[in-house]
Amino acid sequence: MQLKDVLAAKGRRVVTVPAKASIADAIRTMHAEKVGAVLVPDAAGCPIGIFTERDVVHLYASGDRDFDSLAVEARMTCSIVIGQLSMSVDEALGLMTEGRFRHIPVVEDGKLLGMVSIGDLVKIRLDETAQEAKALRAYIAS
Amino acid sequence: MPQRAIRSIIEDQKPVTAAADITVTAAAQLMKLHRIGAILVVDGGRLAGIFTERDALFRVVAEGRDPATTRVAEVMTDNPRTIGPDRPFGHALHLMYEGEFRHVPAVENGRPLGMVSARDALGPDLQQFITDLDTRTHIGEILG
């Protein structure tokens, strides 16, 4: 199973916000789109940062309350691990476990193609296990 | 499906709890300090709810509340699904899968013992998932 299969199942929708958007706007976008992370693309559409619910918690913890004037680029995470369509689910899970992050944008030739989250991958694992069990039961019964 | 008991997953955890009247800012500081995505909110030693990153994102600034003055009790997830410590981890995973959430508090007699998260599925249990699949393939070959 590869990331291209995960994207085929979940769709390629990615929510982005401009680097200069305010933190308040980014939070409102995440709320409206019901996502836990947004990507921040450069002019060519390649992601240069990610802003997640964990960043929001850290912002609250710091006591920062200037949500309307603070730009998302000032608080986003800039070092992001990028995945390719051919990356295996196991490799992606391994990277997430080691790096303790939850989102991998999928990029090829500088183009953003989608995003996979830890939730997507755990769901795939559960689906696979359920399917395997069903297939085995059907096989034994046949 | 991972059969090991919830108790074995949470045995090394020191449950991170907070009183229902602390502010969102204080709760966020606890979450940052302990590097966790959710805290157990208690009232008189019993679980009253959980406060998660998702609550912090969707129910505070997004709804015009100030984290410095909002109490966690106002924005926490009330009555979260919980699991007993002797249930298999697979059950917690199914609760998360069906409910589309990432944290399930482990509770015994109303008292919180710890928190199980989707990330726990990526430790030894990820290996178990793969082993399960391999075993099934192997059984298939033997039967075939």
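Proteins get letters first, then strands, A, B, ... in listed order; numbering begins at 1 in each. All values reported here derive from a predicted model rather than from experimental measurement.
- Listed options B/Ala68, B/Gly37, B/Ala56, B/Ala27 were ranked by heavy-atom pairs under 4.5 angstrom with chain A; first place goes to B/Ala56.
- Of the listed residues (B/Arg59, B/Arg35, B/Glu53, B/Gln29), the one with the most heavy-atom contacts under 4.5 Å to chain A is B/Glu53.
- Residues of residues 2-32 of chain A having a heavy atom under 4.5 Å from any heavy atom of chain B, listed by number: A/Ile27, A/Met30, A/His31.
- Note on B/Val104: it does not cluster hydrophobically with B/Val107, by side-chain heavy-atom contacts below 4.5 Å among ILVMFWY residues.
- Within the 4.5 angstrom heavy-atom criterion, only side-chain atoms of B/Arg102, from C-beta onward, approach chain A.
- Open room surrounds CG on B/Asp43; 12 or fewer heavy atoms of other groups in view lie less than 6.0 Å from it.
- Both B/Met96 and B/Leu113 are assigned to one and the same hydrophobic cluster, defined by single-linkage of ILVMFWY side chains at heavy-atom distances under 4.5 Å.
- Put simply, B/Ile36 and B/Leu30 are part of the same group of oily side chains (I, L, V, M, F, W, Y) that touch within less than 4.5 Å, one to the next.
- The hydrophobic clustering, which links ILVMFWY residues whose side-chain heavy atoms are closer than 4.5 Å, places B/Ile10 and B/Phe89 together.
- Both B/Ile22 and B/Val61 are members of a single hydrophobic cluster when ILVMFWY side chains are connected at heavy-atom separations under 4.5 Å.
- Using non-hydrogen atoms only and a strict 4.5 Å limit, the part of residues 49-62 of chain A facing chain B consists of A/Glu53, A/Arg54, A/Val56, A/Val57, A/His58, A/Tyr60, A/Ala61.
- Identified by a heavy-atom distance below 4.5 Å to chain B, the contributing residues of residues 64-82 of chain A are A/Arg65, A/Phe67, in residue-number order.
- Residue B/Arg81 qualifies as open at atom CZ: its count of foreign heavy atoms under 6.0 Å is 12 or below.
- Of all residues in residues 34-42 of chain A, those placing a non-hydrogen atom less than 4.5 angstrom from a non-hydrogen atom of chain B are A/Lys34, A/Val35, A/Gly36.
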